A.B. asks: 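I have a structure here, written as structure tokens, and I will follow up with some questions on it.
This is a predicted model, so every value here is computed, not measured. A note on names: the letters A, B, ... follow the listed sequences, proteins ahead of strands, and every chain is numbered from 1. Side chains included, hydrogens not; waters and symmetry mates left out as well; all remaining heavy atoms used.
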2 protein chains.
Amino acid sequence: MADTFSSLVDKIRSRYVDLSPQQRRAAAFVLKRPEEVAIVSMRTLAANAGVQPVTFVRLARTLGYTAWEDFKEPFIERMRSAPAFYSDRAKKLPATAPAELHLSHIKTLEATQALNDASTFSAAAEALESAQNVFVAGFRACFGPAHAFAYVYQLFRRDVVLLSGLGGGLEAELRAVDEGDVVCIIGFRPYSRESVTVAEHAARRGATLIAIADSPLAPFAREAKIVLTFSTEGPSLFPSLVSASAIAEHLLDTLAARGGDAALERLKSAEAQLQALGVFVPAYDPTDD
Amino acid sequence: MADTFSSLVDKIRSRYVDLSPQQRRAAAFVLKRPEEVAIVSMRTLAANAGVQPVTFVRLARTLGYTAWEDFKEPFIERMRSAPAFYSDRAKKLPATAPAELHLSHIKTLEATQALNDASTFSAAAEALESAQNVFVAGFRACFGPAHAFAYVYQLFRRDVVLLSGLGGGLEAELRAVDEGDVVCIIGFRPYSRESVTVAEHAARRGATLIAIADSPLAPFAREAKIVLTFSTEGPSLFPSLVSASAIAEHLLDTLAARGGDAALERLKSAEAQLQALGVFVPAYDPTDD
DNA sequence: CTGCCGATGAAACATCTGTTGCGAAAACTG
DNA sequence: CAGTTTTCGCAACAGATGTTTCATCGGCAG
């Protein structure tokens, strides 16, 4: 009984010619504005389509649904997991063990994608650009993503500092934070004490706080000017860091793109420098460029 | 009057602390499941959140909205523009949409998924289980994922060591590697010299090598017994770590699953210990379990 | 303890929901 | 053309919706 959106569309398309004029009107409208179906009531939908409310009930019936709600369901399901298209594709993968986790990673990414909009990313980038200095923090499980973010950011910006708390020196590191700086904290539940310490210190000093968290209600996000939210959900025992990494990378990309040629130049020279220092080893894959 | 979704989230976040317990519950739920707000009725929303229907009206009022509908609007607007299904989204977003990068992350994940099969993961898990000691390494951009992997693994296995090269002491750390041990290295192009150093040393000592690399031909994977491959491709300037994280997490999940109750027990006690040490700060989201 | 005040829950409210029944109109059939 | 069938619109229905009202609870100051 539970139809998918695309199969419903097919059904409409194939039986369209047999429909009565009014039902055609309704069906055509439904295809043109699928979001409306999920969101508004049948009556307003009818008003927008220039059709009587009953017509939608009749349309649903002629297509084999017992009630309008059954007809409506696929439209809702399509919206719930935002870009339904990719979800549908993922469901078609074989149901072996690794595929399941893989699928869940995709779902997590999609959930994360739905939680943030472009303007939040650009606001974060703007704040970082106008910062005197940038501090990055993440503790315990989140140290990894924080390090990755700071490492790449350092490639095209000089004054990026990773707050590590190495050797218990977190407080000493924090003394460098001042007004005009931006502090960027990554964390998720359970929230480590250090992240709150950093956040509070940053707020006290008047620095701008950017939080990358699993919830806008994360304790260290309380005083944040900008919050980027990610999901850690999944069938795994452990919370997933995949989405946090995705967000960090997206932010980096935004920063590099906005930085323009200057950022690119610095990036290149940084890489050349590393190369010259003999940090890297040549790959021996002949298909390389 | 017309609020955007992110500004609404900010409003909730900033005023969350002043809310009454019940309203917090409602607010937290709304943040955790934003799609629901757009789709279901207030009454069922209340049922799912474990709150009275009135509470949502009250919440909307406290946040400055005259009616529930005004509060609900941003949630609907957010969904309306979300689905990348028909042509209607092209006109809305600027060229550098977050959806594009999001899409590429999914593609990368799918590519990675295709590169490894379940048996490779179980082989890796098997090797790790029968190891005397486990060493984890990753340098430069890959230090993050390596740290994340080691951190979680340490939660249910005692003898996991992260090779950090801190203070230039990499060689000293390597002296601990011996026959019967497993060394797990994460890395991608350009390959850092340290990763090769570690790999060669491990091979010389007779330790088993597991490589997590962007190519089976990675220099540090030459002597590896098992290679897990991931993709770093994407439209971004920077290679993506998302898939590397996904692989690491999948491996951890496999390990925990195979470890059975014993692993679970250790995991629990590790978490309890951390809790007792006051490492974490309580979350103030009442909808948590 | 009393009196107060905000927070909370239960029930009643008007309104809007999807759906039905029925009559008028239109379209087809012989 | 009449007779039949289908389509359509209107008004009414039961149930669900968001909201209001009011009684109760629980903490706290005097």
A.B. asks: In whole Å, what is the span from the CG atom of B:Asp70 to the P atom of D:dG18?
C.D. replies: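 After rounding, the reported distance stands at 13 Å.
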
A.B. asks: Between A:Glu179 and A:Arg205, does at least one N-O distance fall below 4.0 Å, as a salt bridge requires?
C.D. replies: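 No, this pair does not count.
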
A.B. asks: Can you measure A:Gln22 atom CD to D:dT6 atom C1' for me and round it to whole angstrom units?
C.D. replies: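 About 13 Å, once rounded to whole Å.
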
A.B. asks: Once you round it to whole Å, what is the distance between C1' of D:dC8 and CG of A:Leu59?
C.D. replies: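 For the pair A:Leu59 CG and D:dC8 C1', the rounded distance is 15 Å.
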
A.B. asks: Any side-chain donor paired with an acceptor under 3.5 Å for B:Thr62 and B:Gln23?
C.D. replies: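 Yes.
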
A.B. asks: Regarding A:Arg25, tell me which of base, sugar-phosphate or nothing describes its non-hydrogen contacts under 4.0 Å with the strands shown.
C.D. replies: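 Nothing, no nucleic acid heavy atom in range.
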
A.B. asks: Can you name the ring-ring contact (aromatic ring centres under 6.0 Å, His included) partners of B:Phe56, sequence neighbours left out?
C.D. replies: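 Here the qualifying residues are B:Trp68.
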
A.B. asks: Have a look at A:Lys225 and tell me which of A:Val182, A:Ile210, A:Thr208 forms a side chain to side chain contact (heavy atoms under 4.5 Å, CB included) with it.
C.D. replies: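 Testing A:Lys225 for a side chain to side chain contact (heavy atoms under 4.5 Å, CB included) against A:Val182, A:Ile210, A:Thr208 leaves exactly one candidate, A:Thr208.
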
A.B. asks: For a quick test of reading the model: is some side-chain N or O of A:Ser20 closer than 4.0 Å to OP1 or OP2 of D:dT7?
C.D. replies: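 Indeed not, no polar side-chain atom of A:Ser20 lies that close.
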
A.B. asks: Over all strands shown, is A:Gln52 touching base, sugar-phosphate only, or nothing at heavy-atom distances under 4.0 angstrom?
C.D. replies: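 Here A:Gln52 touches the bases of the nucleic acid.
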
A.B. asks: With a 3.5 Å cut-off and no angle check, do the side chains of B:Glu249 and A:Ser240 form a donor-acceptor pair?
C.D. replies: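 Yes, a side-chain donor-acceptor pair sits under 3.5 Å.
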
A.B. asks: Rounded to whole angstrom units, what separation is found between the CZ atom of A:Arg61 and the C1' atom of D:dT7?
C.D. replies: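 So the CZ-C1' distance, A:Arg61 to D:dT7, works out to 16 Å.
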
A.B. asks: Between atom CZ in B:Arg43 and atom P in D:dG15, what is the gap in whole Å?
C.D. replies: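 Taking atom P of D:dG15 as the reference, CZ of B:Arg43 is at 14 Å.
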
A.B. asks: Taking all non-hydrogen atoms of both residues into account, name the closest pair between B:Tyr65 and B:Leu8 and its distance.
C.D. replies: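 Heavy atoms only, the tightest pair is OH-CG, 3.4 Å.
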
A.B. asks: Are B:Tyr151 and A:Phe143 close enough that their ring centres sit under 6.0 Å apart?
C.D. replies: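 Ring centroids of B:Tyr151 and A:Phe143 are no less than 6.0 Å from each other.
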
A.B. asks: Please say whether the positively charged group of B:Arg266, taken as NZ for Lys or CZ for Arg, lies over the ring of B:Phe156, i.e. under 6.0 angstrom from the six-membered ring centre and within 45 degrees of the axis.
C.D. replies: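 Not flagged: B:Arg266 not positioned over aromatic ring of B:Phe156.
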
A.B. asks: Taking atom P of D:dT19 as reference, at what distance in whole Å does atom CZ of B:Phe71 sit?
C.D. replies: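 Value for this atom pair: 12 Å.
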
A.B. asks: To the nearest angstrom, how far is A:Asp18 atom CG from D:dT7 atom P?
C.D. replies: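 In whole Å, D:dT7 P lies 10 Å from A:Asp18 CG.
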
A.B. asks: Does NZ or CZ of B:Arg24 come closer than 6.0 Å to the centre of the six-membered ring of B:Tyr16, within 45° of the ring's axis?
C.D. replies: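 Verdict for B:Tyr16: a cation-pi partner in B:Arg24.
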
A.B. asks: Please write out each protein N/O paired with an N/O of nucleotides 21-29 of chain D under 3.5 Å, distance rounded to 0.1 Å.
C.D. replies:
none

A.B. asks: Please report, rounded to the nearest Å, how far the P atom of D:dG9 is from the CE atom of A:Met42.
C.D. replies: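 After rounding, the reported distance stands at 14 Å.
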
A.B. asks: Does anyone know the first and last nucleotide of DNA chain C in reach of chain A, 5' to 3', at under 4.0 angstrom to a heavy atom?
C.D. replies: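 For DNA chain C, the relevant span reads C:dT17 to C:dG21.
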
